[in-house]
Every structure is written in C-alpha cells, then in structure tokens.
Amino acid sequence: MPDWAQYVRQNLGVPRVQPEREAEMVEELAGQLEQAYAEAIERGMSPAQAETAARQHVADWAALATEVGRSERGRESTLSTLQREAEDRDAARRGAFSPLTDLRQDLRYAFRVLAKSRGLTIVAVLTMALGIGANTAIFSLLDAVMLRSLPVSRPQEVVLLQWTALRHPAYQSVVAYGDCEMKGGTGPATGCTLSKAFLEQVRAKTDLFSGFATFSYSRPMILSGNGPASRATAQYVSGDYFGTLGVRAAVGRLLLPADDTPQAPAVAVLNYGYWQGTFGGDPAVVGRTIHLQDLPFTIVGVAEPSFVSLTPGNADDMWIPFAQRGRLEPVKYPERLEEAGSWWLVIVARLRPGVSRAQAEGAVSQLFFNHLVHAPKPLAKAEDAPAIRLLPVQTGLTGYRRELSKPLNVLMVAVAILLLIACANVAGLLLARAKGREKEIAVRLALGASRGRIARQLLTESLSISVAGGVLGIAMAFWSARALLIFLTSTNPRALGFSVRIDLPVLAFTACASMLTGVLFGLAPALRSMHLDLLPTLKEEPNLSGPGAAGRGRWKSGAVLVVGQVALTIVVLMGAGLMVRTLRNLRSLDPGFQPANVLTFGVDPTLTGLRGDRLGQFYREMRGRFSEIPGVLSAGYSDIALLSNGNWMIGFHLEGRSEVQMADQLAVGPGFFATMGMPILAGREFAAADYSEAAWEPGGPCRNTDRTNTPMAAIVNESFVRTFFPKTNPVGLRFGSGHGEGPDATEGCASPGWEIIGVTRDAKYGDLRTEVHPTIYEPDGSGGIFELRTTGDPRAAIAAVRGVVERSGYDLPLYEVKTQTQIIDELLFQERLLARLSTFFGLLALLLASVGLYGLLSYEVTQGTREVGIRMALGAQRGDVLRRVVSRGIALVGAGAVLGAATSLGVARFLGSMLFEVKPSDPFTLAGVVLLFLLVALIACYIPARRATRVDPLVSLRYE
Amino acid sequence: MFNRELKKGSAEFLVLSLLEARPRHGYDIGKRIEARSKGRIQFRIGSLYPILCRLEDRSLIAGRWVERTGERRRRYYRLTAAGRKFLAAQRGTWGEFVLTINRIVRPDHA
C-alpha cells in the first residue's frame, strides 16, 4: 500500500494554514485516496494501475490548494470566532474567582468527610467547644467588669475629681469606699474623697461645669414598714446626681435638687434590682412610706434597670439625699463632716459643652491648691504640690474593677493557653487522620486539582470543626459564666453590680477565636497536603521498616504537638499550684489574734432611739447577757470586725515633729482583747473609767475628755511603739496633745490627744497581706459589732443569741452574722477564685494533654505493628515492647516538662504580686506538677503499650 | 456528459441532496453521485474536496471524524439545519432553471 499521507503531504501546499488543519486535510485526502486505491484493486487492477487510478482523482494539486485555501481563510475566521466564544464560556464557568460556588462545594465536601469519621469529628468539636467556651466565659466576665461603659449619658463629658499630693494633706479624717485609686500613708498620696467645703467652692464654678453628681458612703440601715425589719444599704447623693448623669426612672421620678434642701421632705429612690427583689417589682411602691432607722421616707421612684451603680461593683439598694444625713446618722458621726478637714465626698461633675478637660483641670487644681495651702488652718504645704486631676469617670471610678482586673487577666491567659492545647490536640487528630486521606488527596491532585484548592478544602473542614465548637462553646460559656458570677457574689459581702451577658463584643470575640483556631490547627494538615509526593502515595508502597520516610515526618510533627501540649499544661498547672499554695499560706497565716471559734454579728439599736450613754449601757447589758450563754467563753464588741471591711485611719502629730503621722484606728468596747485573743503585753486593759471619760457628753459634740482636757486612754500595738517610740517604754507617754487633735477634733472641742495605757500584740486589721500598721485602739462603749468566743462551732450559738436579743424587749434584727473564719475567707475571695479556677483549668489541660499523648502513642503503635511483630519474632519479650512504648511516652513528657518548666518560670513572673510567701520559681510546686503529669502520663502510655504487647507476630508480619 | 460549468454550479446542490438522507464520508459522496447519474457526472476527490470545505465553511454541512476499529479514521459530513433550508430553497430554483434551460435548449418548432 503506498503511503497516501506522504503523497498528499508532498503535493498539497496550502499557504497560511494551521498545522493542525493541514494535518486534518492530509488525513482526509489520504483516506479518500486510500479508498479509491482499494476499490481499484477490488475491480481487478494491479497495484500499479490502482495507484495510477487513485492518483488521477487529484489531477491539479495547485487548483485544489487554491480552492481549499480560499475556503480555509473563511473557515479560519469562523473557527477562531467559535473557538474564542467557547473559551470565554469555559472561563466564565470556571471563573477566575467565583468564591460562592467554590465555597458551597467545599462545605458540602467538608460535611461529607466529617460525617464519615463521626467519632473523630465529635471529639474534635467537643475539644474545641471546651477551649473556646472557657475563653468566651472568661471574656464575658471581663467584658462585664472591665469593658462595659458606665450607664450615663455622654460619659466623655463626665469627670471625677481625683486629688494628688506628694505627701498626704493633713485631713482630720478621710473615708474611702473603694471607688477609686487611693493611697495614703507616707509618700505620694491620692484619693477621690474631698471635703464639703471644697465642694462648695467647685460648685461655684458654673462656667466650667453644668452639673454635679456627688455621693458618699452607703450606710446599712434598718428598713421597716415593708414586712419584718430588714437591712438595706442607702447611698447619700446630691440632689442633682441623677440629673447630671442623665439617668432615667423606671417608675416614678428620681431625686431633684429640691429634695436636697434641709426643709425638704424625706424621699428615697430605689435601685431597680432591689425593687424587683424586695418589693416584688410593684409599681405601687411609688408614694409608699418606708422607715429607715425608724424615720419615715417616701419612695418617689425606681431607677432604670441598667443603672446599677456609678462605681462598678458598688451596688446599693437605694439613694437618699445628703440633706437627710443629719437625721439618720447616730450621734457618733456628728456635724464635723462639714469641716474642711473631713474628706468624705466623692465629686463627679459634667463639663460644660465647649469646656475641655485640661482647661477645667487647671482651674480646679488651682482652686484646690489655694484651698489647702492658703486656708486659715492650712492642710498642706505648697511644696507638697496638692493638685486635682479630672479623670474621665469611666477610668477614674474603678470600684470593684481594680480587685477583679488582675485575677481576670490571669484567667484570660490561662484559658488562652487551654485553647492552644485544645488546638494542638485537634491538630494532632487531624494529622493522624490525614494519613488515611493521603490516597484520596493524591488522586485528586493527579486528576488536576491544584494544591491550593486541596489546602483550601482542608481548611474549610477545620473551620467547620472550629465554628461548630464555637457555637457549642457559647452555650457552655453562658452556663458557666452564670455559675461563676454566682460564686463571685455569694462569697463577696458586697452585691456585685455586674450583669454577665452574651452580647455583641462577646459574640464577636467568640467568632474571631473560632476562625483563628480553625485556621491554626487546620494549617498543619493543609500545608502537609501541599507537599504530598504523588507517586509513592498512589503506588501504595508498604511500610517496610516501620515508618517510611514520608511517615516519619508526620510522626515528628505529631510528637512536636504533644510536647507542646505537655509544656503548656505544665505552665497552667504551675500557675494553679502557685495560687493554691498562696491560698494555703494566707489561710494558715497567724493574724495576730485567734480567729477560730469566734462569732461576729451586729445589732443596730439606733431604732430603739437610744443615744449617748444609754446606748453604751444597752451594749454593756447585751454583752453581759451574751457571755452568759452556755458555750460562750467571752464576749466583746468593736466598731467593725477585724479583717472585715477595711480599716479606719487617723492622723496626728508627735511632740516636736511637724509632719502628720498616720495610724490605723479602731474603737473597741469592753471584752474585745480577751475575746479576740490579743494579749496585753505591757500596761493594762481599758477600765470602766476610760470608757466613761471617752464617752460623748450627753447631747454635745464633744467628749468628756475634751471638757476635762485630759488625753484619751489608748492602747497601741507593737508596730506603733516600734515606729513612733522605739526603744522606750511607751506606757504613760502622750501624743497628739497640744495640737487640738484626737478622734474628735472639731472647733469647740479641746481634743487633748491620747495617752498610752497599754501595748498589745500586732494583729492584722485591714487585710491579711500587708504588714501590720501602727494601730491605736480607743475605748468606745457605744456599740459596734459583737464578737463571741465559743467552745465549739460558733454557729451553734446563733439561735441562743437571737433569743437573748428578743428577750431584751427591742425588735432588732441581727445582721452580718458570720464567723471570723468566714470573714477571713471572704477577704480571700480573689485568691480562692484564682486557686479554684486555675486548678480547674489546669486539670482540664492535663486531661487534654494526656488524651493527646494517648492518641499519639496509640497511633504510633498501630503504625509500628509490623516492626513490633518483627522484633517479637526475633526474640523480643513483651516486657521490652512495653518498655519501649512507655519510655517513648515518658521521653515526650520529659521534653515537654523541661520546656514547660522553663516557660513557666517566665510566665509565673506575671503572678508576682498575687503570690504570697511563695516564689514564682518555687521548686517544690514545679516538682509536684511534673510528678503529677508523669503519673497521669504513665497511665496514658500504658494502654497503648499493652496493646502493642498483644500483637501476634505472625499476624503483624502479614499486616500491610 | 454535462459541461463543466453546469457541473460546478450544481455541484453543491448535488452534495447537499445526497447528504439529506444520511451522513456520508467524502469518497462515498463522490461514488454515489457517479452511481446516481449512471456515470454521466463524475466527481474526483480533487474536485469534491474543495466543495466539501466550502460547504462546511458556510455551515451548511458539519463534518466530524469517525473512528472504527481496524480502519483509518474517516471524516463524515451531515446536513445542518441551515443546509436543509438552503437545499429546499435550491430545489425550487433548480426546478425553474431546468424548465427554462429546457425551453432554451429544445429546438424551436416555429
């Protein structure tokens, strides 16, 4: 058969035609010539004749070429148009970037894949839910406490007056309610309570401020007229408080300036939560009369629900105007509160529009300076640089935020670490599963999928897991944040003015966390897929000597993940261990008195109308009756219970020294020292005469000591002696005399200072952690908190106490009934919170890391089955195999422990100030933590190790 | 034997009418024309091939390669929808033309 294709090619010369088209023509013509040739042969011709006959079919090649060329040009233009159209259509379908269709595809595929390995997916989602949920819970707390803005209108205009000075001014008394940062003592001082006199001066500055919202302490009072007598806290506020802040009423009206005048009728505004709880949310409460301290008050309205308090965390039941203070306060807090030396008012003001903070600050600061330095009785020297700073009320009024901020930040770090561990865990899971999917991925790559597409697919899967975990985590967070808040409020004496909500910032946080973690743990498998070697995978080469070259890489990253998890867990456990030890140290601290078996409670007899000496008599009587209760060893009372509510301080001068000294001060009644177990080391206890001399004159603002110009008897502690009268016997020494000083220094009262009659042991007063301050104990029989020392459980005496009070004939409720141990526990609430929560998270982390370790070893055992079989066939004992697996596990834990120990040393530094008597690098804690982990790890290793020993060599050798 | 011009003019018409019944390949078309006309019209490959290219270019016919086992692959042609319409139109015209030519050609009996 002649080569017709060659023949055609040689003769056909169509100019300007594509090579493919030319090939086509050649083929077609050659085919036809071939047919002609075959036919001729059939007809009986010889090959040579047939060839000639066929050739005759195309006589004129040139003419053919011309004809074809003409039509070719036409066809080409048509063809190229058609081709281009087809290409465009294809491109449009493929899409340079059509994210939506691709995303839908990816999601559908992801769900299918995840549904296939249900077990793994559930574990992964739960793990993520745990990690994300913990983070969301703590963040929602953080949001409620730290981030949420104050419920006032245009808060950027509202400022707090915060005073500063290089040395604290010579105020007579300063009260702080924990609203803002306050520093006293020696050295630079600051605070936010100011005097009424100064307030008057600032109020005059109407050019700077459009309104004022001043407030002071909140007094617990006896509320009657709404069922049985109960206690309520009421905060004194100025008449323009609500108006300046822009708070609205839920029912009725709020306080007005007219309510804050001396002749105004007594009115009160209820807190929304208190109204709901105690008055059942009854709108008819408006206009009702209640009795506070037996004085009638009319409820005029309820504040809106979002306004719990101005100072975060300091929630009170109601607000009453300052003008009512005079009627409500027992004679113990006389009119001296009007003095320039009594600083007890918190001043919050709204800047006039157009007035800048700097402008107003300068003016008010100057005012303050003059007020202190150029006063008839100067309270500060010019070189002390007393000044006022106008802080935005959001940052200035820290309230309870200060106490909660550090623990919350620590907890955020802890749960962030927990999340990292969870991610590492899930990454490990996905990596292990990736091996099973290698074939699938290789096939897809061979079929033309781009590596980027595969990676995107894997990321979609991991994001699906993390988003599912996030949604579940929100539910977990909501429940646990509530539980947490209940824990916080139950162990805290003050009602917490925070509401935990899952609102927008929290949801946004959770969404971000989910996305980030999904990418984080999805990255490892995704990157791995991009470097997949196609050929070996598709050929399914068997694992010859245990892990193949490709396999080894994955095991390494699996091991790295486990080591990382171990390290992070060690860090969290270390933090937990340190907090637990801190708590133990604080609890076992010797407070200087005997806190065990002491019951404390208050009875407020002001409702009885008793005043002055009759009040003192009442208390002495009650004390006597209490000590007669069987089981009660002794009874006493003091102004406030030790370690319960901060401490009072007082300023005084020493002989020949011009600067003001500060000391803690506590007024105590008879029996106090004996009941609290505080020995008198020198001198004597207070005698009846001391009490009567120190008592207030009937009806008058001064004490008997002022009249007789004799110094008040005082018992001081060792610290006081060490600080002010070192190396002398202080008994009999006087101080504060000649300066018109004393606890009662107002004009008109002589206040001849104190005389030391006894020295007692140092005892903690304000808080546990700080060193004991110099303390002055004064005799004051007029009442306070009772302390009873009992033989057994102090709570057993409560019923008997109530009985005694009832029999006294007065209808007085008991309040703040707590044991001294309970009081100390409440003080330690921050430490308890941290210890408890960090231990919880630490154990969670331990669980996760152990599961991760177990998973990795389990996987390695499965992969290395062949190797184990060979070893056992060659004579290895089961014990050897066991040891190999366990030692691998221990090696991983060891590496992680070293890494974790090093990291925790750095991280624990953060805890610094929160620790007590334990160093961040405490070796015992570290050793304990590592041992704990090793123990748990041994169990995690043992199970896969046992599985490895059960391998039948014959089976494993056949295992592929 | 019809003369060349006539053949050329009617060539496309012939090819199209042959493809009306079923798709055929190039050589087959030539054979059929020869058979139908009882040898009076013969189309060589060299003459037929350009016609096929032209018709395909004008989308009156569509060609595709067909591969059968044991054979070299061949290009088959079929009539397109446009081709059918064209054919129908041509038939009408041809009929007229033939009549006219016949009148011209027949000797005049005057």
Side-chain angles (χ1 to χ4, degrees), chain A residues 1-8 11-14 17-18 20-40 42-43 51-82 85, chain B residues 1 4-5 7-9 11-12 14-16 18-19 23-35 39 41-78 80-83 86:
Chain A
M1 163 90 80
D3 187 353
W4 290 111
Q6 175 131 350
Y7 176 70
V8 173
N11 290 286
L12 183 69
V14 186
V17 77
Q18 300 278 1
E20 303 98 61
R21 183 69 196 120
E22 186 177 0
E24 266 190 14
M25 287 197 278
V26 164
E27 191 170 357
E28 187 167 353
L29 286 167
Q32 294 197 15
L33 286 169
E34 198 180 306
Q35 275 179 280
Y37 175 82
E39 232 168 69
E42 250 174 70
R43 282 208 292 270
E51 194 175 338
T52 319
R55 282 193 193 196
Q56 276 173 354
H57 267 270
V58 188
D60 192 349
W61 280 100
L64 175 64
T66 320
E67 292 266 12
V68 172
R70 223 182 296 141
S71 64
E72 227 13 67
R73 273 192 297 281
R75 169 200 289 255
E76 246 178 31
S77 58
T78 323
L79 249 184
S80 47
T81 323
L82 285 172
E85 279 176 49
Chain B
M1 203 60 43
R4 255 180 108 184
E5 273 69 36
K7 223 166 66 176
K8 231 199 240 167
E12 293 180 357
L14 283 169
V15 171
L16 287 174
L18 264 174
L19 289 178
R24 299 180 194 284
H25 63 88
Y27 190 69
D28 191 27
I29 295 173
K31 292 263 315 289
R32 292 241 166 227
I33 292 178
E34 198 178 327
I41 304 176
Q42 275 179 346
F43 270 105
R44 298 277 161 193
I45 296 173
S47 330
L48 194 55
Y49 186 72
I51 295 169
L52 290 172
C53 289
R54 226 178 10 249
L55 285 174
E56 195 176 8
D57 176 49
R58 283 158 64 193
S59 304
L60 296 173
I61 62 175
R64 68 184 175 95
W65 288 102
V66 174
E67 190 161 357
R68 292 218 183 96
T69 34
E71 284 180 4
R72 176 196 282 271
R73 65 176 190 164
R74 293 189 198 152
R75 197 160 169 83
Y76 276 70
Y77 294 92
R78 65 171 177 85
T80 62
F86 183 81

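Computed from heavy atoms alone, side chains included, the values below leave out hydrogens, waters and symmetry copies. Below, read A as the first sequence line, B as the second, and so on, with proteins coming before strands; counting in each chain starts at 1.
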Practice task
Name the region of A36(A), side chain, backbone, both or neither, that has any atom closer than 4.5 Å to a heavy atom of chain B.
Solution key: both

Problem - Under 3.5 Å donor-acceptor, E56(B) side chain and G63(B) backbone - result: yes

Practice task
Pick whichever of E34(A), E27(A), Q56(A) has the most heavy-atom pairs under 4.5 Å with chain B.
Solution key: E27(A)

Exercise for the section: Please state whether the side chain, the backbone, both or neither of E39(A) comes within less than 4.5 Å of a heavy atom of chain B. Expected result: side chain

Exercise for the section: May I ask you to decide if S59(B)'s main-chain N or O and T80(B)'s side chain share a donor-acceptor pair within less than 3.5 Å? Expected result: yes

Practice task
Sequence neighbours left out, what passes side-chain hydrogen bond (donor to acceptor under 3.5 Å, both in side chains) with R44(B)? Give chain and number order.
Solution key: none

Completion exercise
Of the listed G30(B), S47(B), G46(B), the one with the largest count of heavy-atom pairs under 4.5 Å with chain A is G46(B)

Handout entry: Side chain / backbone / both / neither for R58(B) at chain A, heavy atoms under 4.5 Å
Key = neither

Problem - side chain to side chain contact (heavy atoms under 4.5 Å, CB included) involving E34(B) - partner list, sequence neighbours excluded - result: Q42(B)

Practice task
State, to 0.1 Å, how close I61(B) and L52(B) come at their nearest heavy-atom pair, and which atoms those are.
Solution key: CD1-O, 3.7 Å

